[in-house]
Amino acid sequence: MKEKLIVILGPTAVGKTDLSIKLAQSLQSEIISGDSMLLYRGFDIGTAKPGTGEQAGIMHHMIDILEPEEEFSVTRFKAMAAEHIKAINAAGKIPILAGGTGLYIKSLLEDYCFNATKGDEQYRAQLEQLAAERGREHVHTMLAAVDPEAAARLHVNDFRRVIRALEVYHMGGEKISQEKNAPAGELVYNTYVIGLNRERTHLYARINERVDKMFADGLVEEVKALLARGLDRSCQAMQGIGYKEVVAALEGTMTMERARECIKQSTRHFAKRQLTWYRKMPYIHWYDVETCTPQDLLAAVSKDIAGKFGTK
RNA sequence: GCCUUGGUAGCUCAGUCGGUAGAGCAGAGGACUGAAAAUCCUCGUGUCGGCAGUUCGAUUCUGUCCUAAGGCA
């Protein structure tokens, strides 16, 4: 008997948070975040994290569980989310997984089987050093020597993956190209996947507005506070959209105005990339947020969920 | 009114010593299996402001008109 799960995904700024909270209220359930940036404490404004007021007393899991300097990865997400899903089901409720991180959600639903080799900071730094000295081609050639299949698939410039492939081979004796599990096309959970979308130009307009609002709400102060705490600007969380640009502006490499535009642009690009993940998930039930009010959306979604799970 | 400098892809501009043009950005599509809000790949025909002239041929030269900015009155 598979555990039940409701998923809400969609591009950034489409309105996932709002729907997830309303739905959680009406189903008296709990929310699990499927978002790689909400994990971090202190990263609130730039991540559009729902504040405690907005959370409306609904239990939110996997938000604010990491210190800013902590590292995180998909496998941890997968394991943690699975636990929450299990626990909430055990309590007789249907958990709501809401978030936009394609890899995280897809790997959870489809049970990606990752290589066991852990990330090794030192080894990565070593390869980056090597690439700086002898070029990326050189590192790519190293991969071709040990795992030609992976090398053929990876572009020389897709340096992160080249590094990972080498790491997997040298640190763990595995190959990134080795066949993983073939999840029989069936999802891990008894799940109803809701995809929210709206017309692209309108989505972009919302993104632009939201970025302006982040600045008005004190994004710059948030970043300053993080830096003042001694947080290294190179840490994972600081690579998030909105943070790396503000840091650059504070360091003087670009104007704050320019940073604001960069953030809008990156967010738009990001939304587009999210959408390409979702296109590979044929089991998503799409709802056009454009053509209905929040009430109608909730009603429509509730009805479809009731049909699926036999809830009220 | 006169002078100067512009008018080339949605935007900013480059360029053609005359043989119908190309970058960045924007935008679009894609990849992705322990960093994923990360990382990476692919995609550029537009009356070269209008009209006329010179020419085998003009976006490129000449004239004229329109238009923008600046200067002089």
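Computation of the quantities below employed the complete heavy-atom set of this structure, encompassing side-chain atoms and omitting hydrogens, waters and symmetry-equivalent molecules. Order of the sequence lines sets the chain letters (A, B, ...), proteins ahead of strands, with each chain counted from 1.
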same_hphob_cluster(Val220(A), Met254(A)) at 4.5 Å side-chain heavy-atom cutoff: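 No: no chain of side-chain contacts under 4.5 Å links Val220(A) to Met254(A).
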Rounded distance in Å between the [atom1] positions of [N] and [M]:
{"N": "U47(B)", "M": "C43(B)", "atom1": "C1'", "value": "24 Å"}
{"N": "G22(B)", "M": "A9(B)", "atom1": "P", "value": "14 Å"}
{"N": "G18(B)", "M": "C48(B)", "atom1": "C1'", "value": "14 Å"}
{"N": "G63(B)", "M": "C11(B)", "atom1": "P", "value": "29 Å"}
{"N": "G24(B)", "M": "G49(B)", "atom1": "P", "value": "23 Å"}
{"N": "C32(B)", "M": "U39(B)", "atom1": "C1'", "value": "9 Å"}
{"N": "C61(B)", "M": "G6(B)", "atom1": "P", "value": "11 Å"}
{"N": "U20(B)", "M": "U55(B)", "atom1": "C1'", "value": "15 Å"}

N-O pairing of [X] and [Y] below 4.0 Å:
{"X": "Lys49(A)", "Y": "Asp35(A)", "result": "no"}
{"X": "Glu83(A)", "Y": "Lys86(A)", "result": "no"}
{"X": "Lys22(A)", "Y": "Asp18(A)", "result": "yes"}
{"X": "Glu290(A)", "Y": "Arg200(A)", "result": "no"}

Donor/acceptor link under 3.5 angstrom from Lys272(A) side chain onto base of G29(B):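 Present.
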Between the base of C32(B) and the side chain of Arg161(A), is one N or O donor paired with an acceptor at under 3.5 angstrom?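 Such a pair is found, so the answer is yes.
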Output the rounded distance in Å from [atom1] ([X]) to [atom2] ([N]).
{"X": "Glu174(A)", "N": "U33(B)", "atom1": "CD", "atom2": "C1'", "result": "11 Å"}
{"X": "Asp158(A)", "N": "A38(B)", "atom1": "CG", "atom2": "C1'", "result": "10 Å"}
{"X": "Leu103(A)", "N": "A38(B)", "atom1": "CG", "atom2": "P", "result": "13 Å"}
{"X": "Gln265(A)", "N": "A28(B)", "atom1": "CD", "atom2": "C1'", "result": "14 Å"}
{"X": "His269(A)", "N": "U39(B)", "atom1": "NE2", "atom2": "C1'", "result": "15 Å"}
{"X": "Gln236(A)", "N": "A36(B)", "atom1": "CD", "atom2": "C1'", "result": "9 Å"}
{"X": "Lys106(A)", "N": "A38(B)", "atom1": "NZ", "atom2": "P", "result": "19 Å"}
{"X": "Asn208(A)", "N": "G27(B)", "atom1": "CG", "atom2": "P", "result": "9 Å"}

Could you check which of G34(B), A38(B), C41(B) has an atom nearest any side-chain atom of Arg164(A)?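 Nearest listed nucleotide: G34(B).
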Among A35(B), C41(B), G30(B), which is the nearest nucleotide to the side chain of Asn157(A)?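 Among the listed nucleotides, the one closest to the side chain of Asn157(A) is C41(B).
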Quick one: is [X] getting a side-chain N or O under 4.0 Å of the [N] phosphate, OP1 or OP2?
{"X": "Arg273(A)", "N": "A38(B)", "value": "yes"}
{"X": "Tyr204(A)", "N": "A28(B)", "value": "yes"}
{"X": "Asn115(A)", "N": "U33(B)", "value": "no"}
{"X": "Thr47(A)", "N": "A37(B)", "value": "no"}
{"X": "Arg153(A)", "N": "C40(B)", "value": "no"}
{"X": "Arg200(A)", "N": "A28(B)", "value": "yes"}
{"X": "Lys280(A)", "N": "G30(B)", "value": "no"}
{"X": "Arg279(A)", "N": "G29(B)", "value": "yes"}
{"X": "Arg268(A)", "N": "G27(B)", "value": "yes"}

Closest-nucleotide 5' rank along RNA chain B - winner of Arg124(A) and Gln239(A):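 Counting from the 5' end, the first nearest nucleotide belongs to Arg124(A).
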Using the closest heavy atom to pick a nucleotide of RNA chain B for each, name whichever of Ala116(A) or Arg136(A) lands nearer the 5' end.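 Here Ala116(A) is the residue nearer the 5' end.
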Aromatic ring pairing Tyr104(A)/Phe77(A), orientation class (parallel under 30°, perpendicular over 60°, tilted between):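 Aromatic pair Tyr104(A)/Phe77(A) classed parallel.
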Over all strands shown, is [X] touching base, sugar-phosphate only, or nothing at heavy-atom distances under 4.0 angstrom?
{"X": "Phe77(A)", "answer": "nothing"}
{"X": "Lys78(A)", "answer": "nothing"}
{"X": "Thr276(A)", "answer": "base"}
{"X": "Gly242(A)", "answer": "nothing"}
{"X": "Tyr243(A)", "answer": "nothing"}

Applying the 5.5 Å / 30° rule, does Tyr112(A) stack onto the base of U33(B)?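 Stacked: ring centres under 5.5 Å, planes under 30°.
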NZ of Lys2(A): more than 12 outside heavy atoms within 6.0 angstrom?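 Yes, the 6.0 Å shell around NZ holds more than 12 heavy atoms from other groups.
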Result of checking Ile21(A), Thr17(A), Ile32(A) against His60(A) for side-chain contact (heavy atoms from CB on, under 4.5 Å):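 By the side-chain contact (heavy atoms from CB on, under 4.5 Å) criterion, His60(A) pairs with just one of Ile21(A), Thr17(A), Ile32(A): Ile21(A).
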